[in-house]
Protein chains: 2
Amino acid sequence: MLDLNRLKALHAVHVYGSVGAAAEALMVTPSAVSQQIAKLERETGARLIERNGRGVRLTDAAGLLAEHAERILALVETAEADFEALRGEVVGRLNVAAFPTAARGLMPPALAELRERHPDLWMQLYEREPERMLREVARGELDLVVVQDWLNRPMAIPEGLSRKTLIDDIADVAVPLDHPLAGNKEIQLSALRDERWIASSPGTICHDWLVFTLRSAEIEPEIAYMADEYPTHLALVAAGLGCSIVPRLGRDPVPDNVRLIPLRPRQTRRIYALWRTDAARRPAIRATVEALGRASALQENAWASEPELQVS
Amino acid sequence: MLDLNRLKALHAVHVYGSVGAAAEALMVTPSAVSQQIAKLERETGARLIERNGRGVRLTDAAGLLAEHAERILALVETAEADFEALRGEVVGRLNVAAFPTAARGLMPPALAELRERHPDLWMQLYEREPERMLREVARGELDLVVVQDWLNRPMAIPEGLSRKTLIDDIADVAVPLDHPLAGNKEIQLSALRDERWIASSPGTICHDWLVFTLRSAEIEPEIAYMADEYPTHLALVAAGLGCSIVPRLGRDPVPDNVRLIPLRPRQTRRIYALWRTDAARRPAIRATVEALGRASALQENAWASEPELQVS
DNA sequence: ATTCTCATGCATATATTTTCCATCGCTACA
DNA sequence: TGTAGCGATGGAAAATATATGCATGAGAAT
């Protein structure tokens, strides 16, 4: 492949008209330039330069090559300039993941904001369960993940990861409209001892949250139905087949004959953004964490302003 | 100014995904690649590469630089091609590849002719399976490849490649001399329903051709033996262990007690030369394509003049 | 715990490039 | 016509750069 330094020498001779002038421009001796071009001739097998009186003249082939060299060198300079401009900016590609409700409730506004403010940032969003996210972010397969834990049973954060608390998600109880407690403004967990429950599949956080919340009131839930999609949960609740515990984050619109009632005391899970500490050098990571923080604050304000969700 | 070799190293890591693979592609040790990039980091003052598990990952800055490098390297290549085109001479080095039977049947006469006519052309011939060739020619690792497909299931040609049809290779069936059909002048596929077959390894085109041809007659072949070398196939046929479908191209001399009988209707695969359209500026490429065309025509004439290979 | 794979750093060998200097060819001018 | 001046080139040595082999260390797979 053509060598850039030789091309540079040839180009300089083309531009400055003599070996000596080219050498001066390149800050080397004429001999160096002469030898570079001689090597280029040997490598390509073509005559490039011929003596012309006291000076030299480029052949047609050399002229062509010099013009190409001009474009190539210009491109290299462009690359340098772009590179400089890049440093410290929010660009590149980010692989982010969140568990399902956060992916629906938190990511879309954050992604929209980032898209708006940083058009050169490419984000790819995945939906994942927490353990897998943890593994993948630690390995660098994902750049940033949104995970959750329960306040009284915090998750172990692997070495080398940083986190930022985004929001405390709140659990409400979904009951059929004809349920005895459906008129309540709030419900205590202990009042739910004899209900039948609708849960997600074991191994999902939604399942775990249900079981964990009830166990914290020493209730071993009787799980009557399992369904992974929340709209299915709510349809089952609407049909009077049981109750469900439903997080607020990413919650779909609720059917008319289902009531969502705040628990007392509040049952919350804390939601975090997690990323490799090293990777935080990337402005893109920092910008995304901040955008998630803003999206979370907006969400919390929205909840605070809905009176029927308040717990006295 | 950015150094081309360092950019090449960085680009290779970007494309091949690891320092080791990049090193292999550049034909140097991983250490060399690692050090080139380290120097680039020192020169630019930016982090370019970070360890990621067992491997590495490029930073955003490095990704940007690698993309620029891609353009720069492409421009250099264009310059080379233009340069050669200007000289109008068939010179330089060409990396060509073909699948095994074409490498034996088509390339040798073409290469001999080229060597004779263009002593300054250096050709390196590789034997490859088609998918890999396709990838490599698109990337510029190979300059010209010979691939094949079946007439009724044409191959997808990537953007930016040109092709020329060389020849339609014909399949014959090899049977032992004492086989009931050995006396036939031609054989219909349907007559081969209950044969046992000798095939190449799965994943080779020879294997695929056997299976594809028989399936086209709705025969699911019972593969009794697998061997990659055709002489071995023929020895197995000679021993009465089964039949085989053998392309004419690159066919070795056949043992006495094996009969090769044309299929009716003809089973053919079409063989193409493929090259990057940009690179066709090089007279060397054009000359090689033409030489392959002549070699193919010769081969077709040879087949046409052997009476025992005709199908009525 | 071990065994692999992969990247990297160091010391060393090798290759390349530059400089210095001598030489040669051409031009200008005496 | 001779000769001084200018400019390019080539060889040898020095400076620089680059690649290799090997050792090390980190992470992953078993």
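In what follows, chains are A, B, ... by sequence order, proteins preceding strands, each numbered from 1.
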Can you tell me the distance, in whole Å, between the [atom1] atom of [X] and the [atom2] atom of [N]?
X: B:Glu50; N: D:dG27; atom1: CD; atom2: P; result: 14 Å
X: B:Ile37; N: C:dG9; atom1: CD1; atom2: P; result: 12 Å
X: A:Lys8; N: C:dT18; atom1: NZ; atom2: C1'; result: 15 Å
X: A:Arg135; N: D:dA28; atom1: CZ; atom2: P; result: 11 Å
X: B:Leu26; N: D:dT20; atom1: CG; atom2: C1'; result: 15 Å
X: B:Glu43; N: D:dT16; atom1: CD; atom2: P; result: 15 Å
X: A:Glu141; N: D:dG27; atom1: CD; atom2: P; result: 15 Å
X: A:Leu48; N: D:dT9; atom1: CG; atom2: P; result: 12 Å

Hey, is the main chain of A:Leu2 close enough, under 3.5 Å, to the side chain of B:Glu80 for a donor-acceptor pair?
yes

Rounded at 0.5 Å granularity, tell me how far CG in B:Leu48 sits from CG in B:Leu64.
10.5 Å

To the nearest 0.5 Å, tell me how far A:Arg57 CZ sits from A:His14 NE2.
13.0 Å

Hey, which of these two, B:Val19 or A:Asp3, hits DNA chain C nearer its 5' end, going by closest nucleotide?
B:Val19

Does any donor-acceptor pair link the side chain of B:Gln35 with the base of D:dT20 at a separation under 3.5 Å?
yes

Does the base of D:dG21 carry an N or O that pairs as donor and acceptor with the side chain of B:Ser31 under 3.5 Å?
yes

Which listed nucleotide ([options]) is nearest to the side chain of [X]?
X: A:Gln36; options: D:dA29, C:dT18, D:dA8; result: C:dT18
X: B:Thr29; options: C:dT19, D:dT9, D:dG21; result: D:dG21
X: B:Val28; options: D:dT20, D:dA29, D:dG5; result: D:dT20
X: B:Arg54; options: C:dA7, D:dA29, C:dC26; result: D:dA29

No-hydrogen, no-angle side-chain donor-acceptor test under 3.5 Å, A:Thr277 and A:Arg163
no

Side chains of A:Ser201 and A:Asp228: any donor to acceptor distance under 3.5 Å?
yes

It should be established whether A:Lys39 places a side-chain nitrogen or oxygen under 4.0 Å from OP1 or OP2 of nucleotide C:dT17.
yes

Sugar-phosphate, base or nothing in reach of A:Arg6, heavy atoms under 4.0 Å:
sugar-phosphate

Which residue lies more 5' along DNA chain D, comparing B:Ala32 with A:Arg139 via nearest heavy atoms
B:Ala32

